[in-house]
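These notes concern the structure reproduced below.
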Amino acid sequence: MHIVDHQPANKRFLIRDNGTAAAVMTYVISSPELYIIDHTLVENAYRGQGLGDKLLKAMVEYARENGIKIIPLCPFAKGRFERISEYADVLNK
């Protein structure tokens with residue numbers, strides 16, 4: 001099972017597998033109420049397992065809990081926001 005670890009000091013959400021970084025989503029804080037997802041990376045060995053979606057789900061849940069809107073600049077996050085209407089409440093329009 002892959003657990004998402006939010007590391008606010010590093011401005012990222014991370015999934016490890018036996019201590020190795022399997023996937024990471026980084027963000028920039030534009031303001032206390034606005035975060036920008038700037039990069040999502042899933043290592044080749046872990047592709048196709050839905051890790052990017054797990055990272056994004058964790059980011060969206062964090063945004064909801066903290067009254068944050070998101071600008072998805074990275075292509076992965078942008079594409080998911082376009083397809084997943086349930087995330088519209090945290091999308092900065």
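Keep in mind it's a predicted model, so treat the numbers as computed, not measured. Residue numbers start at 1 and run along the sequence shown.
- Hydrophobic clustering, with ILVMFWY side chains joined whenever heavy atoms are under 4.5 angstrom apart, keeps Tyr35 apart from Val28.
- Between atom CE of residue Met59 and atom CD1 of residue Ile37 there is a gap of 4.5 Å, rounded to the nearest 0.5 Å.
- More than 12 heavy-atom neighbours from other residues, nucleotides or ligands sit within 6.0 angstrom of NZ on Lys69.
- Here Leu41 sits in one hydrophobic cluster together with Leu14, Val24; the rule is ILVMFWY side chains under 4.5 Å apart, joined directly or through other members.
- Listed by chain and number, the residues in a side chain to side chain contact (heavy atoms under 4.5 Å, CB included) with Ser31 are Glu33, Leu34 (sequence neighbours excluded).
- For Asn18, there are no side chain to side chain contact (heavy atoms under 4.5 Å, CB included) partners, not counting sequence neighbours.
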Mind listing the side-chain donor-acceptor pairs of residues 85-93 below 3.5 Å, one per line with the distance, residues two or more places apart or on another chain?
{"from": "Asp89", "atom 1": "OD1", "to": "Arg64", "atom 2": "NE", "distance (Å)": "3.3"}
{"from": "Asp89", "atom 1": "OD1", "to": "Arg64", "atom 2": "NH2", "distance (Å)": "3.0"}
{"from": "Asp89", "atom 1": "OD2", "to": "Arg64", "atom 2": "NE", "distance (Å)": "2.9"}

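- Among residue pairs with one or both ends in residues 35-52, none qualify as salt bridge (Lys or Arg N to Asp or Glu O under 4.0 Å); sequence neighbours excluded.
- Residues satisfying the side chain to side chain donor-acceptor pair (under 3.5 Å) test with Asn66, not counting sequence neighbours, are none.
- Remark: Arg16 CZ to Ile3 CD1 distance equals 13.0 Å, nearest 0.5 Å.
- When every heavy atom of Gly52 is checked against every heavy atom of Val42, the shortest pair comes out as N-CG2, 3.8 Å.
- Contacts of His6 classified as ring pair (Phe, Tyr, Trp, His ring centres under 6.0 Å), with partners at least two apart in sequence or in another chain: Phe13, Tyr27, Tyr62.
- Considering only heavy atoms from C-beta on, Leu56 comes within 4.5 Å of Phe81 through its side chain.
- Annotation: side chain of Lys11 is not in contact with side chain of Thr26 (no heavy-atom distance under 4.5 Å).
- Sorted by first then second residue, the side chain to side chain donor-acceptor pair (under 3.5 Å) pairs that include residues 70-81, not counting sequence neighbours, are Asp53-Arg80, Lys78-Glu82.
- Contact record, Ile36 with Ser30: CD1-CB, 4.1 Å, taken as the closest heavy-atom pair.
- With rounding to the nearest 0.5 Å, the separation of NE2 in His39 from CE in Met25 is 10.0 Å.
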